[in-house]
Protein chains: 2
Amino acid sequence: MARGSTRPTSRDVAQAAGVSQAAVSLVLGDKWRGRVSEATAERVRQAARELGYRPNLAARNLRLGQARTALLVVPALTNEFFAAVYEGAARIAAKHGFGVVLYPSPEGIGPARDPFASARAALDGVIASSMASEALTEIRGDDLPLVMLDSDPAGSLGATTVNLDITDGMRQITEHLLTLGHRRFLHLAADIDSWTFDVRARELAARVAERTGTDVRTAKAPITIEGARTAAEDALRAPGPRPTAVICDDDKLAVGAYKAARHLGLRIPHDISVTGFDDLALATAIEPELTTVRLDAELFGERGMTALLAVLEGETPPEGNIPVELVVRGSTAPPHPS
Amino acid sequence: MARGSTRPTSRDVAQAAGVSQAAVSLVLGDKWRGRVSEATAERVRQAARELGYRPNLAARNLRLGQARTALLVVPALTNEFFAAVYEGAARIAAKHGFGVVLYPSPEGIGPARDPFASARAALDGVIASSMASEALTEIRGDDLPLVMLDSDPAGSLGATTVNLDITDGMRQITEHLLTLGHRRFLHLAADIDSWTFDVRARELAARVAERTGTDVRTAKAPITIEGARTAAEDALRAPGPRPTAVICDDDKLAVGAYKAARHLGLRIPHDISVTGFDDLALATAIEPELTTVRLDAELFGERGMTALLAVLEGETPPEGNIPVELVVRGSTAPPHPS
DNA sequence: CAGCTGACGTTGTACGTATAACTTCCTTGG
DNA sequence: CCAAGGAAGTTATACGTACAACGTCAGCTG
């Protein structure tokens, strides 16, 4: 019945129920067993319901010294992969009464003197992708618990790491193509300095060298369809025998490779095989559908949040890489003897 | 130099600088002109820097009675469109020292008694897509300022609405196809009950009826590639003269239409034209590239946040729909006389 | 019947900040 | 030389919550 524009507080509820504010806090905080009678508790709950009481989170956080909020730092949400990571993390967080906020995209910082001004909402911990390193340096300095996604376990001193089994993914792709009979490869690599891409390059090069004794040709491209297309086209036009398979660091790059191949009059997979990485919606949208490595981004986010929660509880976070899966579709076939 | 695990407070800074806590608050809050000498101010800033002081947001929010945080309610972040809306909203928010939190995805609610438990982090306002109506009913009840995205201006009592000019987009698509000579249309519609889709259907039907005197065939499909494919395939197989153009409610549905057409042995655009809506990355990934309506999702998010900020300031939010643009690519051509 | 034990609460306080209201000292004009 | 006012701070308080510490009273035991 409180008029005004101000929201009801626990004291308003107390007054309505004819008890003290402390009693309200006890009842609503589920700590009333043996301290408040069932009848009184019900009266309090009733009053809270009628007034539409919602606890003031700021006050609670201040009192408890925690925010039940984690910060997720990713390069861009418009990348479906990271959107899924967020959803996984948010799901686990919600189950534990936690929230997840996102680091604002770099371009959005604007004139604020402190880029953290908005994201700095009281935080208990941070989950960060290794692909967002520039933002990361600012965070380290805060003494917040940190979980790193897809980053070098050796190089992330102190921080907990949660990784997909990228090495295994690239191993499977390479084996798949080698088994089909391919011997000349083009690696269309992301031009981003991140562990997750380094691992791809290392594994691919090592395995191909071991099995064929040859090198892998490499072209670096920004992760955009257009950028990938020109990089791939240049590489495929280069002198020497043409590669029979293009191994791309992610699905978006593969789309660029498709366009490059088409532009050069090459048919996929008849003239050239193409593989991706991630298994985004894109992979099944294009023709032929893309052979790629499925990364369970949601699970990745879930594991990241689970690890952070463990750290916050003082427990040891679970170990072990997240398995990935090769998905063979229509973009790979045995090389055609030309 | 403060050891311990607790972060320094403004009082610690005050002690280090040899002033009162109030002075620290004034200096760091930029309200010290004429109240504190430049020298003292500098001393305070220096101390704050050395201690690595970060104001406690919970305390500030409690004191100010505001959180400088907005809630964005969208159906799914893995939909690139909404990810972009978020980024736009977050950019504007950051410029004003605001943060944006997301409503946790519906499946993530789990056992929490109050689905708002986590997202309810102290909020100043809400921006909600009309496509997330089930979540919305819970919010209304909170007396928070509400900005609705893409919802019926007439039906959103009290709430401010920010809309893309969907009607104009559909008008342009229809005109484009009519001008090319198409007369028989299939409308591949989203099976979601939302204003933004109703508008598409109404405008398409009205314009086609006006210009050709005929009805538009309609097929409803869930917004997934597979769902759209089967719905489109069924509709294209139906008896009677086959439509020469498929108008889809969004780009993802268009991908399904592509697959259906291919499966039926129809070439795009030679045998059948296809159009989308949104202009996601998908649109230029597929072959042929998709004729669609470009919606500036980021601008949409920016406008939404701008409107909310205006409401919070007690100003009248700007009016007017956000213009959209027809992007003609390779998926449309004059109908082939069969 | 003194003393004790629960059951059922209440009182009081602290979390860290922003700001209104007050003090103190110095300068300056009349 | 005194009143007035500005500069440069300080003191005190409230925001709403959670919980430790403290009553109070009935019933029971020895």
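Using a 4.0 Å heavy-atom cutoff across all strands shown, B/Ser25 reaches at least one base atom of the nucleic acid. Within the 4.0 angstrom heavy-atom criterion, only backbone atoms of the sugar-phosphate kind lie near B/Leu64; the bases stay farther away. Here B/Val19 lies in heavy-atom contact (under 4.0 Å) with sugar-phosphate atoms only. Heavy atoms of A/Ser20 sit under 4.0 angstrom from at least one base atom.
When each of D/dT17, C/dG9, C/dG16 is scored by its nearest atom to the side-chain atoms of A/Tyr53, the top-ranked nucleotide is D/dT17.
Heavy atoms from other residues, nucleotides or ligands lying under 6.0 Å from CD of B/Glu38 number more than 12.
Annotation: of the two residues near DNA chain D, B/Gly18 and A/Ala58, the 5′-most nearest-nucleotide partner is B/Gly18.
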Might you list the N or O atoms of the protein lying below 3.5 Å from N or O atoms in nucleotides 21-29 of chain C, with each pair's distance?
unit_1 : atom_1 : unit_2  : atom_2 : d
C/dA21 : N6     : B/Arg35 : NH2    : 3.3

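A distance-only check finds a donor-acceptor pair linking the side chain of A/Arg33 to the backbone of A/Asp30 [under 3.5 Å].
Taking the ring centre of B/Trp32 as origin, the terminal cationic atom of B/Arg45 falls inside the region bounded by 6.0 Å and 45° from the ring axis.
OP1 or OP2 of C/dG16 has not a single side-chain nitrogen or oxygen of B/Ser10 nearer than 4.0 Å. A close approach under 4.0 Å does occur between a side-chain nitrogen or oxygen of B/Ser37 and OP1 or OP2 of D/dG9.
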